Amino acid sequence: MKLETRAVILTVFLSFWISSASAAQLSIDSSTIFRVEQRDLGFGDKQKLMPVTQFLGLDAEKLADGNLSLHLYGWGRGDLGDKSYNDDKVDGTLTYGYLRYRFNSANADIRGGRFFINQGIANEQLDGVNLRTDLPGGFGVSAFGGAVVHNKNLFGESSDGKGDYLYGGRFHYRYARLLELGLSGVYEADAPVLVHYANGSHRAVGLDIWLHPMAAVELIGHTSYNTETAEISEHSYLLNFKALPGLLLSGEFDEHRDRDYLYSWSMFSGAGLNPADKSRSTGGTISYALNSKAILSTDYKHYDRQYGSADRYGGDLKLSFLENSLRSGIGYHYLNAGATFAVSGNPSASYQQLRLYSLHDTKGYFASVDLLGFFFKDKIYDTASDLEASLSLGYHLTTDLAISGDVSYGRNPEFSKEIKGLIRLTYNPVFSGKGEKR
Amino acid sequence: MRLPPLLCGALLLIMGTMLAACAGMRALPGLPESHPEALAVGQQVSCSECHDDNQKGSLRPQASFSHTPSFVKNHRLYAASDDRLCAVCHKSSFCNDCHAGKVEIKPSTKYGYRPDREMPHRGNFMTLHRIEGKLDPASCYRCHGRANNERCIACHR
């Protein structure tokens with residue numbers, strides 16, 4: 001029996017068990033989406049896709065002594081027309097499903113089951129256990145371990161290139177509201193040998209920092225080290241300067257040694273990349289809240305790679321009216337990039353991006369319009385632009401239940417005409433509760 | 001079996017330290033399970049509107065977590081140092097709409113009625129990914145490197 005099937009049976013069983021426990025707080029959220037998409041592939045070839053997807057989440061709080069909770073989330077899909085994108089007309093997954101016991105002090109908790117780890121340099125999905133707690137003196141510790149959640153097998157291989165288990169953790173020290181230093185690591189079992197790809201084991205350690213020397217200044221970021229290649233793989237840092245109320249100046253710096261950072265990315269044979277290759281990006285954002293109804297931001301980023309450099313700059317304006325029920329935005333960006341970044345054969349990868357959207361959400365209906373255009377300096381597949389216009393219209397049947405429909409029309413280098421539509425039924429009680437999570 | 005005196009002493013010291021640490025931990029504050037007040041949907045949340053000091057259980061100023069454009073763009077750095085503070089307001093599924101082992105629908109399609117939300121790959125990203133992937137492969141790797149590779153494998157063979 002597949003894991004997903006077992007998870008559905010377990011979910012039904014647990015739902016009955018939880019609903020019988022009078023003190024438990026049960027919350028279910030659901031989205032049912034029926035999509036209709038027709039693609040004109042050219043030369044008379046057409047595709048008609050009609051997938052139905054059910055997203056389902058369950059959160060049961062205050063179980064047992066009140067500190068135990070259960071969290072489940074996943075989706076299932078069935079194709080009523082042509083296959084959506086993979087080999088099966090039916091598909092699904094358990095995104096996460098775990099029990100959590102939360103202690104009343106020290107931010108301590110234990111999680112067991114399938115969950116995501118996002119701590120320090122570790123960014124993993126596993127079937128296992130995670131223990132976290134703050135310690136006296138400003139210290140804190142987290143440890144995790146378990147079976148790796150595998151992805152789809154690589155083409156022509158019998159694995160996804162990942163090892164079968166992993167463990168790791170993060171140890172941190174916080175000093176007042178000035179400084180936090182973290183040391184984290186992840187160790188995955190030996191990567192399997194692949195026939196067509198160069199892959200390596202996923203093992204790294206890293207240091208992360210948060211520094212807040214004065215109210216207006218904040219530095220946050222991390223550096224990671226690949227223990228397999230014995231090289232620093234990544235620097236990623238953000239510096240914020242709050243110059244005036246509402247005015248924020250941010251500087252970003254990211255640098256990756258391609259082979260060391262992408263070492264365990266089997267799909268692109270990361271372990272086989274040139275050790276000398278580097279990617280670096282530096283940039284900044286200036287954002288200013290003109291008032292509670294308008295935020296203006298401009299940004300710039302410079303990219304450097306071994307075979308060239310590029311620049312991207314632009315700005316966004318976000319507006320909010322009628323007690324935030326009417327929200328609009330407009331944005332423009334320009335990417336100035338040469339032939340080395342272009343779609344093969346093109347002399348330039350430069351393009352302009354323009355976006356305009358607006359939405360109105362009332363207690364009854366909600367509606368939105370979204371216009372997005374990319375305008376290429378040099379045509380891609382003989383097409384000068386990539387355009388998409390989307391409309392959405394919905395109605396709140398109750399506070400928690402809403403029905404909505406979207407339709408979009410696009411023309412782009414991939415499809416001479418792309419028409420998409422969907423109908424969506426959403427049950428989401430989290431918006432009605434006081435302070436409940438979303 | 002008799003343990004050497006030095007080992008007994010070391011074990012007693014470790015146990016004593018652990019007991020003292022546990023006793024000390026009981027006095028440490030913890031974050032609340034959830035935010036006590038409902039927050040407005042679709043607003044760039046500004047924590048400092050209400051919090052002018054550090055949150056109980058978190059030794060950081062609340063202003064650090066205000067959802068400015070820069071914060072939204074770089075939220076991974078904040079989440080990586082303490083996602084328990086994120087979890088006060090957000091369910092895990094909020095993150096997993098984009099960050100998951102297997103994403104079924106592009107987030108901007110799933111939430112087509114929320115064009116105000118920052119979502120990756122709006123529009124037809126198939127064309128653009130040929131440019132963006134060369135420009136900044138690390139940005140692809142963060143979400144698709146060790147997870148969520150099903151669509152990639154359809155072409156990248």
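Numbered from 1 within each chain, the chains take letters A, B, ... in sequence-line order. Only a predicted model underlies this, so the values are computations on that prediction, with no experimental measurement involved.
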If you tally heavy-atom pairs under 4.5 Å against chain B, which of His202(A), Glu252(A), Arg170(A) wins?
-> His202(A)

Exercise: identify the closest heavy-atom pair between Asn151(A) and Ala147(B) = ND2-CA, 3.2 Å

Can you measure from CD (Glu414(A)) to CZ (Phe125(B)) and round to the nearest 0.5 angstrom?
-> 12.0 Å

Electrostatic pair Arg122(B):Asp370(A) at N-O distance under 4.0 angstrom = yes

Just jot down the salt bridge (Lys or Arg N to Asp or Glu O under 4.0 Å) partners of Glu124(A), sequence neighbours excluded, or say none.
-> none

Counting N and O atoms only, with roles assigned by atom type, does the side chain of Asp116(B) sit under 3.5 Å from a partner on the main chain of Gly329(A), one being a donor and the other an acceptor?
-> no

Presence of salt bridge, Asp254(A) and Arg142(B), under 4.0 angstrom = yes

Between the side chain of Tyr96(A) and the main-chain N/O of Ser93(B), is any donor-acceptor distance below 3.5 Å?
-> yes

Give, for atom CD1 of Ile380(A) and atom OG1 of Thr127(B), the distance between the pair rounded to the nearest 0.5 Å.
-> 6.0 Å

What one should report as the nearest heavy-atom pair of Pro413(A) and Asn124(B) is CD-ND2, 4.4 Å

Which residues satisfy the salt bridge (Lys or Arg N to Asp or Glu O under 4.0 Å) test with Glu218(A), sequence neighbours excluded?
-> none

Under 4.5 Å to a heavy atom of chain B? For Thr340(A) that would be backbone

Honestly, is Lys110(B) close enough over Phe55(A), meaning NZ or CZ under 6.0 Å from the six-membered ring centre and within 45° of the axis?
-> yes

Mind checking whether Glu132(B) and Arg312(A) have side chains closer than 4.5 Å, heavy atoms only?
-> yes

Answer yes if the side chains of Thr109(B) and Arg35(A) hold a donor-acceptor pair under 3.5 Å, and no otherwise.
-> no

Tell me, side chain or backbone of Tyr78(B) under 4.5 Å from chain A's heavy atoms, or both, or neither?
-> both

Highest number of heavy-atom pairs under 4.5 Å with chain B among Met267(A), Glu388(A), Glu234(A), His222(A) belongs to Met267(A)

Are any non-hydrogen side-chain atoms of Arg132(A) and Asp83(B) less than 4.5 angstrom apart?
-> yes

The interface call for Ser392(A) against chain B, heavy-atom contacts under 4.5 Å, is side chain

Intermediate values then yes/no, side chain to side chain contact (heavy atoms under 4.5 Å, CB included), Lys73(B) and Ser250(A) | CA-CA 11 Å; Lys73(B) 200 161 61 170; Ser250(A) 301; over 6 Å; no

Do Lys301(A) and Asp136(B) sit within salt-bridge range, that is, some charged N less than 4.0 Å from a carboxylate O?
-> no

Is it the side chain or the backbone of Phe116(A) that comes within 4.5 Å of chain B heavy atoms, both, or neither?
-> side chain

When the 4.5 angstrom heavy-atom criterion is applied to Phe103(A) and chain B, the contacting part is neither

Between Leu135(B) and Ala310(A), which heavy-atom pair has the shortest distance, and what is it?
-> CD1-CB, 3.5 Å

Which answer fits Glu323(A), side chain, backbone, both or neither, if we ask what part of it has an atom under 4.5 Å from a heavy atom of chain B?
-> neither

Whatever's closer than 4.5 Å to a heavy atom in chain B on Leu248(A) counts as side chain

